[in-house]
Amino acid sequence: MLCLRVPTDPAWVKEALRDLGAVLVDHAHCEMKAASNALSLAARHPRNFALVKALTDLAKEEIEHFQRVAEVLEQRGLSLGAPPVDEYAADLRRAASTLGRWPTGPLLDRLLVGALIEARSCERFKLLLEALPAEEAELRALYTELFAAEARHYRTFLDLATRAEGSAERVNDRLDRLAELEAKIVSSDRAAKATIHG
Ligand SMILES: [Fe+2]
Ligand SMILES: [Fe+2]
């Protein structure tokens with residue numbers, strides 16, 4: 001799916017359904033982190049108005065997603081709690097840094113890591129959507145919508161990367177290398193966890 005090299009292990013879906021509450025809590029945090037990541041990236045590039053506009057629009061949408069998921073938590077009597085460390089995102093950033101500095105600076109990798117996180121979230125929302133029982137109609141409707149939104153965000157990050165770099169070819173080469181690293185992280189023998197990227 002999208003640029004992903006390997007599909008999610010079916011063990012993750014089983015684990016996610018076993019503790020859907022934990023997945024929802026983690027999901028809410030992921031939306032908040034997506035918003036704050038977009039804002040921090042926008043703040044680092046204040047002269048690039050197109051980038052600032054696209055990333056602040058994206059942040060607005062991620063905050064809206066956060067509020068939607070937080071509403072579900074409230075309805076289910078779940079509390080948000082402290083944000084957990086997203087090991088997947090941390091591993092991905094660390095892996096990206098092993099590729100060496102990109103000549104035009106860190107923006108390209110930050111945008112492409114953002115694209116990969118969106119792509120993996122999008123894939124997992126679809127898996128959840130397909131696995132949720134019929135009585136979870138409301139949640140299925142939410143994941144249908146978020147699946148489409150995250151696919152769109154993936155495209156936004158790629159478009160921004162291409163605009164920043166001025167060459168789709170260079171962007172695709174770097175994305176290929178990052179996607180290989182992402183596949184290794186997802187295929188590592190860590191036990192599946194009831195989190196969006198676990
Ligand atoms: Fe989102
Ligand atoms: Fe997103």
Side-chain angles (χ1 to χ4, degrees), residues 1-4 8 12 16 20-45 50-76 78 80-81 83-93 96 107-130 132 136 138-164 171 175 178-179 182 185-186 194-198:
M1 180 190 272
L2 305 171
C3 60
L4 302 177
T8 283
W12 175 78
L20 198 52
V23 172
L24 287 166
V25 169
D26 183 68
H27 180 178
H29 282 297
C30 285
E31 299 289 2
M32 179 94 87
K33 285 174 197 166
S36 64
N37 180 58
L39 289 179
S40 94
L41 199 49
R44 278 169 198 260
H45 298 276
L51 185 97
V52 167
K53 169 84 173 73
L55 288 174
T56 50
D57 277 347
L58 190 132
K60 261 201 299 208
E61 211 183 326
E62 302 292 19
I63 289 171
E64 215 181 284
H65 293 172
F66 167 78
Q67 290 176 331
R68 303 269 302 278
V69 184
E71 223 169 89
V72 176
L73 296 185
E74 205 176 356
Q75 284 161 5
R76 293 176 185 230
L78 296 163
L80 190 57
V85 175
D86 189 337
E87 284 173 29
Y88 162 80
D91 284 352
L92 192 51
R93 290 192 184 101
L107 177 63
L108 180 66
D109 281 350
R110 286 198 68 176
L111 291 170
L112 294 182
V113 164
L116 279 161
I117 293 173
E118 296 285 352
R120 185 60 71 186
S121 307
C122 178
E123 184 225 17
R124 295 209 165 174
F125 290 164
K126 184 151 192 283
L127 291 173
L128 276 179
L129 171 62
E130 289 165 351
L132 281 168
E136 289 284 11
E138 217 180 317
L139 212 48
R140 286 165 60 120
L142 176 66
Y143 278 118
T144 304
E145 205 185 306
L146 295 188
F147 160 76
E150 306 312 0
R152 189 160 37 72
H153 294 168
Y154 163 78
R155 185 35 67 193
T156 299
F157 276 117
L158 271 196
D159 288 349
L160 287 173
T162 307
R163 220 180 304 167
V171 169
L175 181 61
L178 287 165
E182 197 271 351
I185 292 165
V186 166
T195 60
I196 292 296
H197 300 124

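This chain uses plain numbering: 1 for the first residue, then up along the sequence. Because the structure is a prediction, the values reported are computed rather than measured. In listed order, ligands and their atoms are each counted from 1.
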Number of protein N, O or S atoms [distance to the Fe ion (ligand 2) under 2.8 Å]: 5

Judged by atom type as modelled, is there a donor-acceptor pair below 3.5 Å linking the side chain of W12 to the main-chain atoms of H197? no

Using a 3.5 Å distance criterion without hydrogens, assess whether the side chain of R124 forms a donor-acceptor pair with backbone atoms of G198. yes

Less than 4.0 Å between a side-chain N and a carboxylate O, is that true for E136 and R76? yes

What I want to find out is whether D57 reaches K53 closely enough, with some N-O distance under 4.0 Å, to be called a salt bridge. yes

Give a yes or no answer on whether the side chain of H153 reaches the backbone of G114 with a donor-acceptor pair at less than 3.5 Å. no

Show every salt bridge (Lys or Arg N to Asp or Glu O under 4.0 Å) that has at least one partner inside residues 59-69, sequence neighbours left out. E61-R152, R68-E145

